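Structure record follows, encoded as structure tokens.
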Amino acid sequence: MMIRQLLKLIWNQRRQNSWIAFELLLVFVALWAIADLFVVQTTLYLRPLGYQVENCWRLSFDNYTQEATEYEADTLLHKTQGEALTAILDRLRRCDEVEDACVAFFSSPYSSGNTWRSLLPCTADSARFKEQSYHCYYVTPEYFNVFGIRGKGGEALDELSRKHPSDIFVTPELAVDFFGSINAAAGQKVVMSSGGTEVHIAAVTTPIREDDFSRSTAMFYQVMDAAEVEQRSGLFGAAMMEASLRMKTAMTQEQMDAFLIGLGDRLRDGNLYVNGAESWLDKRDSLLAHTWHTLHISLLLVLFILLNVFFGVISVFWLRIEQRRSEIGLRMAMGSTRSKVGFFFTAEGWLLLVTILPLSLIVIANFFVMEIPETYHIPFTWWRLLLGLGLALFVLLSIISLGTWFPASRAMKVQPAEVLRDE
């Protein structure tokens, strides 16, 4: 009965309500766009990274110069840079506080490495596949244990990489690209077209994301043996290799510094030495600082927009209710309570919003056809659409409730006899 009465009232005041409905339409579509962006960013951030950097530390290396008292002439050195690096990491692995240590070549988490290699399945149909470069991570077997990277079934990959040192490990996206299924990739042959080398796929990893706000992409891991670590250390210097530790317990920066100082000469081999360590959590925060800064600015802009929307909506309904003071007085004179009168105006605003929802969906559908929503990181699915619509609807319903209740409660403080006498 009340809904029928409200619909009749809205229709009778359709000329005045059309402008309010148009404003609600614009506001709702804008709120949906903001809510959709919030859903995308939040979903991305909450998805598993595929690795863990807690309790992990990045070691920094340096070489003694000729001015240093510890410097040894090249003719007196018995180890290459790669051998010295390996020896220092072996000593660290024997420490009770250390779980494992690894080496990577521009391939650590959050390192933004830019090493790419061409891959092509050996059974490739030339009409279906084209030569394409994929992000390649050069790592030692211990890398999988240090950063907690597992196979798609949860299996450990460090031992498997030692058994199959020449094989590669691919992400699910690459497996699907090549073989159409994650389960069909293990054991398949692929060719690295840059050298024409055929290698096997040892296993498929869990999905891997480069950082907290990126989607998982097609990439693969190539295991480095001791000879390759030595070769790359000789070409680029051991200080350029990314050596990382996983500690058994959480440590502060002060505790880690004290731990390294306590090791003394064990962190030195020839002219190569460890000159410090930085938590991967701190490196992550530093690398994502710009992204977080951008998100904070966006959040402030959203709050500013919501504040303007709130004052805009409340001013419209305030003016509208002030013009209907006689109606409020009449309703109260006929026995309506203040709560009923207040709910009546709130329900009228809600129903007015509901009437513009079909048109709003048409506008949003056109946005989808024009590919305006961001779909690279998160596909535009029904759950994403409904979640964005739900958030926008909740916010606008809350604004309408406040925008109608405040002016209505103020108008209801006037005695019905005074309102009717003024009329």
Side-chain angles (χ1 to χ4, degrees), residues 1-47 213 215 295 298-321 342-405 407-408:
M1 183 65 181
M2 182 179 178
I3 295 178
R4 184 183 301 175
Q5 183 182 2
L6 287 172
L7 288 173
K8 185 177 180 180
L9 182 62
I10 291 173
W11 176 255
N12 291 336
Q13 299 178 352
R14 57 187 177 275
R15 179 175 297 181
Q16 185 182 18
N17 287 331
S18 60
W19 292 104
I20 300 176
F22 181 70
E23 180 183 355
L24 290 177
L25 172 65
L26 294 179
V27 170
F28 181 78
V29 173
L31 286 177
W32 168 80
I34 294 172
D36 182 68
L37 183 61
F38 174 79
V39 169
V40 169
Q41 295 295 335
T42 304
T43 303
L44 271 178
Y45 184 75
L46 294 178
R47 282 185 173 178
F213 296 100
R215 69 171 188 172
L295 289 175
S298 300
L299 181 59
L300 291 176
L301 289 174
V302 168
L303 292 176
F304 178 74
I305 293 172
L306 289 178
L307 191 62
N308 280 272
V309 168
F310 171 73
F311 285 120
V313 172
I314 197 174
S315 62
V316 170
F317 282 99
W318 195 300
L319 179 61
R320 190 163 181 264
I321 290 174
F343 180 74
F344 179 85
F345 284 100
T346 301
E348 184 182 355
W350 289 350
L351 193 58
L352 193 60
L353 174 60
V354 172
T355 58
I356 58 96
L357 285 181
L359 187 58
S360 302
L361 293 176
I362 294 175
V363 174
I364 293 172
N366 278 280
F367 283 178
F368 175 69
V369 171
M370 293 185 290
E371 299 182 352
I372 293 178
E374 196 273 339
T375 56
Y376 176 77
H377 292 96
I378 303 292
F380 197 83
T381 55
W382 281 107
W383 71 263
R384 174 178 165 182
L385 174 64
L386 293 176
L387 192 55
L389 290 174
L391 286 173
L393 192 61
F394 171 77
V395 172
L396 196 49
L397 285 174
S398 301
I399 291 176
I400 290 174
S401 301
L402 294 174
T404 54
W405 185 263

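These numbers were taken from a predicted model, which means no experiment stands behind them.
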Q: Any chance you could measure Ile362, atom CD1, to Ile356, atom CD1, to the nearest 0.5 Å?
A: 11.5 Å
(Q) Let me confirm one number: the CG-CD1 distance from Leu301 to Ile305, rounded to the nearest 0.5 Å. (A) 6.0 Å
Q: Report, as yes or no, whether the 6.0 Å neighbourhood of atom CZ on Phe213 holds more than 12 heavy atoms from other residues, nucleotides or ligands.
A: yes
Q) Within a radius of less than 6.0 Å around CH2 of Trp382, do more than 12 heavy atoms belonging to other residues, nucleotides or ligands occur? A) no
Q: Would you name the heavy atoms of Arg47 and His377 that are closest together and state the gap between them?
A: NH1-O, 4.2 Å
**Q.** Smallest separation among heavy atoms of Phe367 and Pro373, with atom names
**A.** O-CD, 3.3 Å
Q.
Using the rule side-chain contact (heavy atoms from CB on, under 4.5 Å), only one of Leu26, Leu31, Leu25 pairs with Val29; which is it?
A. Leu25
Q.
Quick one, Leu389 and Ile364 - any side-chain contact, counting heavy atoms below 4.5 Å?
A. yes
Q.
Is any side-chain heavy atom of Val39 closer than 4.5 Å to one of Trp383?
A. yes
Q: Not counting sequence neighbours, list each pair that qualifies as a side-chain hydrogen bond (donor to acceptor under 3.5 Å, both in side chains) and has a residue in residues 27-44.
A: Asp36-Arg384
Can you list, pair by pair, the side-chain donor-acceptor contacts under 3.5 Å of residues 390-400, counting residues two or more places apart and other chains?
| from | atom 1 | to | atom 2 | distance (Å) |
| --- | --- | --- | --- | --- |
| Ser398 | OG | Phe394 | O | 2.8 |

